[in-house]
**Student:** 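Once you've had a glance at the structure underneath, I'll fire off some questions.
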Amino acid sequence: MIEWLALPAIITGAALIPKKKITDEKKIQTIFENRRVGIKKDDSFLYPKLYKKHDNEQYSTYLYTLPLGIPSEAFETIKSAIVDGLNKDIEIEFDGLLKIKVYKQKLPEKWSYTDDLLNEGKWEIPIGRNHEGILYHDFDKYPHMLVGGVTRFGKTVLIKEIFYSLLMNQMENVEFYILDLKGGMEFGHYVGIPQVKEVSSDIFESTELLSTIIEDLKERQKSMRLKQYTNIVDTPIQKRTFIIVDEGAELSPNIVEGDSKKYAKFCQAALSEIARIGGALGYRLIFCTQYPTKEAVPMQVKMNIVARLSFIAAAQIASRVILDDIGAEDLPSIPGRAIYKIEKNRTIQVPYIDDKYMFSKLEGKQDAVINAVKDRKSTHNN
Ligand SMILES: Nc1ncnc2c1ncn2[C@@H]1O[C@H](COP(=O)(O)OP(=O)(O)OP(=O)(O)O)[C@@H](O)[C@H]1O
C-alpha cells in the first residue's frame with residue numbers, strides 16, 4: 001500500500017524538478033552539429049571549437065577556432081538557424097577566429113524619426129540603428145548608394161528619410177532630381193519644394209532629365225578641370241546634386257518594350273556616367289530597385305557604388321546583386337530592417353518617417369526653405 005502511495009509522489013516530485021536551461025553556448029554547438037558545419041576526418045566530424053567567451057552588458061561574444069577547410073560562407077548559411085535557435089539577434093564576423101556576438105536585447109521593430117537626428121551643415125544622414133547605436137551615412141565620403149529589397153519593406157520610407165535629412169541639413173546647398181518611375185505617385189508632389197529641380201514620372205521624362213544632368217556634368221567637369229580641382233569635397237564649392245532613382249528596373253532595356261528600349265539604353269548609360277565620374281563633381285546617385293538583377297542594375301552603376309543597403313531580399317541571388325553577399329534573404333520580415341554595407345555588413349533598423357511629420361516640419365520652416373534657395377551663394381558654381 002505504501003508503495004502505491006509513493007508512486008504519484010515520485011511523479012509529482014519529478015515534475016517539480018526545474019528543467020535545466022540550455023545555454024546559448026550549447027545551443028550554438030548543437031546547431032553546428034545538426035547542420036554539419038564541420039569537416040569530416042576519417043570516421044568523425046570536426047566542429048568549430050569554443051576558444052573563449054566574453055560578456056558585457058550588451059552582448060556575449062563567442063570565439064571559435066575552426067578546423068582548416070571550412071569556408072566562411074558556411075556560417076552565413078546557418079546564421080538564421082542560430083538566430084531562430086537562440087531567439088536573439090546575432091552578428092557573425094571572421095577575424096582569424098569565428099566570432100559570434102549574441103545580443104541580450106533585440107533591435108526595435110520600429111523607431112521614429114525626430115529632428116534630433118539632424119546634423120546641420122553636414123552631408124550625414126541617419127541610416128539606422130544597430131546594437132551599438134545610431135549609424136550615419138556620409139554622402140561626402142561615400143557619394144552614391146545602391147538600395148534593394150522586396151516591395152513593402154521600406155525603400156520609399158528610406159528615400160523620404162534621406163531626402164528630408166539632406167534638405168534640413170543643407171537647405172542652401174542641396175538640389176534634387178527625382179526619377180519616380182512608379183508614375184510619379186510618391187514624389188510628384190515634391191516639385192513645390194524649391195530644392196527639388198525636377199521630378200520625372202516615366203522613361204521619356206527621365207531621358208530629358210538625365211540629358212540635362214549630363215550636359216551640366218560635362219560643364220562642371222570642364223570648369224573643375226580648369227581650376228585643377230580633382231574632388232569637390234576638397235574645394236570651396238558647397239553645392240551637391242542628388243539624383244534619386246526609384247524604381248531603377250524601369251530603365252532596363254531588357255525589361256521595357258518597343259521604342260522605350262533606346263530611351264532605356266540612354267538612361268542606363270547616363271546613370272553609369274554619373275556613378276563613374278559624378279561623385280568627384282558633386283553628384284550623388286541613390287539607385288533603388290525591388291528587382292535586383294544584372295539587367296536592372298547596370299554593371300558600371302554597381303561597380304562604382306561602395307555603399308549598399310538591402311531590405312529583405314527575395315532570394316540569395318538578389319542579395320548578392322545588392323550586397324555582393326548573401327544574407328538579406330534571411331532578414332526577419334520586419335519593415336525597415338535592412339543590411340547596410342560599407343566594407344562590412346551591419347544589420348540595422350531604419351528610422352520611420354511619414355509625410356505628415358515631414359510636411360508639418362517643412363511648413364514650420366517654409367520661409368527658411370524658400371529663402372535658402374533665393375540666397376544661394378556664388379560658391380555654388382564657383
Ligand atoms: N523604417 C520603417 N520602420 C517601420 N515601418 C516601416 C519602415 N519602413 C516602412 N515601414 C512600413 O512598411 C510600409 C511600406 O513601406 P514602403 O512604402 O517604404 O515600402 P516600399 O518598399 O517602398 O514599397 P513599394 O515598393 O511598394 O513602394 C510602410 O507604410 C510602413 O508601414
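Atoms within each ligand, like the ligands themselves, are counted from 1 in listed order.
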**Student:** To which protein heavy atom is atom 27 (O) of ligand 1 closest, and what is the distance rounded to 0.1 Å?
**Tutor:** K182 NZ, 3.0 Å
**Student:** Side-chain contact test, heavy atoms from C-beta onward, threshold under 4.5 Å: evaluate it for Y177 versus S200 and give yes or no.
**Tutor:**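 When only atoms from C-beta onward are counted, S200 and Y177 do not touch, as no gap falls below 4.5 Å.
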**Student:** May I ask you to identify the nearest protein heavy atom to atom 19 (O) of ligand 1, giving residue, atom name and distance to one decimal place in Å?
**Tutor:** G154 N, 3.2 Å
**Student:** Under a 4.0 angstrom heavy-atom cut-off, which atoms of ligand 1 come close to Q349?
**Tutor:** 3 (N)
**Student:** One thing to verify: whether D140 and R240 come together as a salt bridge, which I'm taking to mean a side-chain N less than 4.0 angstrom from a carboxylate O.
**Tutor:** yes
**Student:** Name the closest protein heavy atom to atom 18 (O) of ligand 1, giving the residue it belongs to and the distance to 0.1 Å.
**Tutor:**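 Result for atom 18 (O) of ligand 1: V157 N, 2.9 Å.
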**Student:** Looking only at heavy atoms, is any part of E247 under 4.0 Å from ligand 1, and if so is it the side chain, the backbone, or both, or is it neither?
**Tutor:**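 Neither; nothing of E247 gets under 4.0 Å from ligand 1.
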**Student:** Would you call K88 and D24 a salt bridge, taking side-chain N to carboxylate O under 4.0 Å as the test?
**Tutor:** yes
**Student:** Using a strict 4.0 Å threshold on nitrogen-to-oxygen distance, state whether E186 and K160 make a salt bridge.
**Tutor:**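 Salt bridge: yes.
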**Student:** Please answer whether the main-chain N or O of R276 pairs with a side-chain N or O of H144 as donor and acceptor at a distance below 3.5 Å.
**Tutor:**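 No, the answer is negative, given that no donor and acceptor are paired below the 3.5 Å cut-off.
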**Student:** Closest non-hydrogen protein atom to atom 2 (C) of ligand 1, residue and atom name please, with distance?
**Tutor:**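 Of the protein heavy atoms, G336 CA, 3.6 Å lies nearest.
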**Student:** Looking only at distances, please establish whether an N/O atom of ligand 1 is found under 3.5 Å from an N/O atom of E109.
**Tutor:**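 N/O-N/O distance under 3.5 Å: no.
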**Student:** So that I can tick it off, tell me whether D55 and K53 are bridged by a salt bridge, with the cut-off set at under 4.0 angstrom between side-chain N and carboxylate O.
**Tutor:**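 Looking at D55 together with K53, the answer is yes, because their closest N to O distance falls below 4.0 Å.
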**Student:** What's the shortest distance from atom 1 (N) of ligand 1 to any protein heavy atom, and which residue and atom give it?
**Tutor:**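 The answer is V350 O, 2.9 Å.
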**Student:** To the nearest 0.5 Å, what is the distance between OG1 on T77 and CG on D330?
**Tutor:** 9.0 Å
**Student:** Considering non-hydrogen atoms of the protein only, which is the closest contact for atom 23 (O) of ligand 1, and what is the distance?
**Tutor:**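 Ranking protein heavy atoms by distance from atom 23 (O) of ligand 1, first comes R152 N, 2.9 Å.
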**Student:** Would you check whether P351 reaches within less than 4.0 Å of ligand 1, judged by its heavy atoms?
**Tutor:** yes
**Student:** Closest non-hydrogen protein atom to atom 26 (O) of ligand 1, residue and atom name please, with distance?
**Tutor:** T151 OG1, 2.7 Å
**Student:** Looking only at protein heavy atoms, identify the closest one to atom 12 (O) of ligand 1 and say how far it is in Å.
**Tutor:**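 Protein heavy atom at minimum distance: P335 CB, 3.5 Å.
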**Student:** Taking all non-hydrogen atoms of both residues, which atom of P108 and which atom of R129 are closest, and how far apart?
**Tutor:** CG-CD, 3.9 Å
**Student:** Hey, is E186 one of the residues with a heavy atom under 4.0 angstrom from ligand 1?
**Tutor:** no
**Student:** Does a salt bridge link E76 with K79, judged by any charged N lying under 4.0 Å from a carboxylate O?
**Tutor:** no
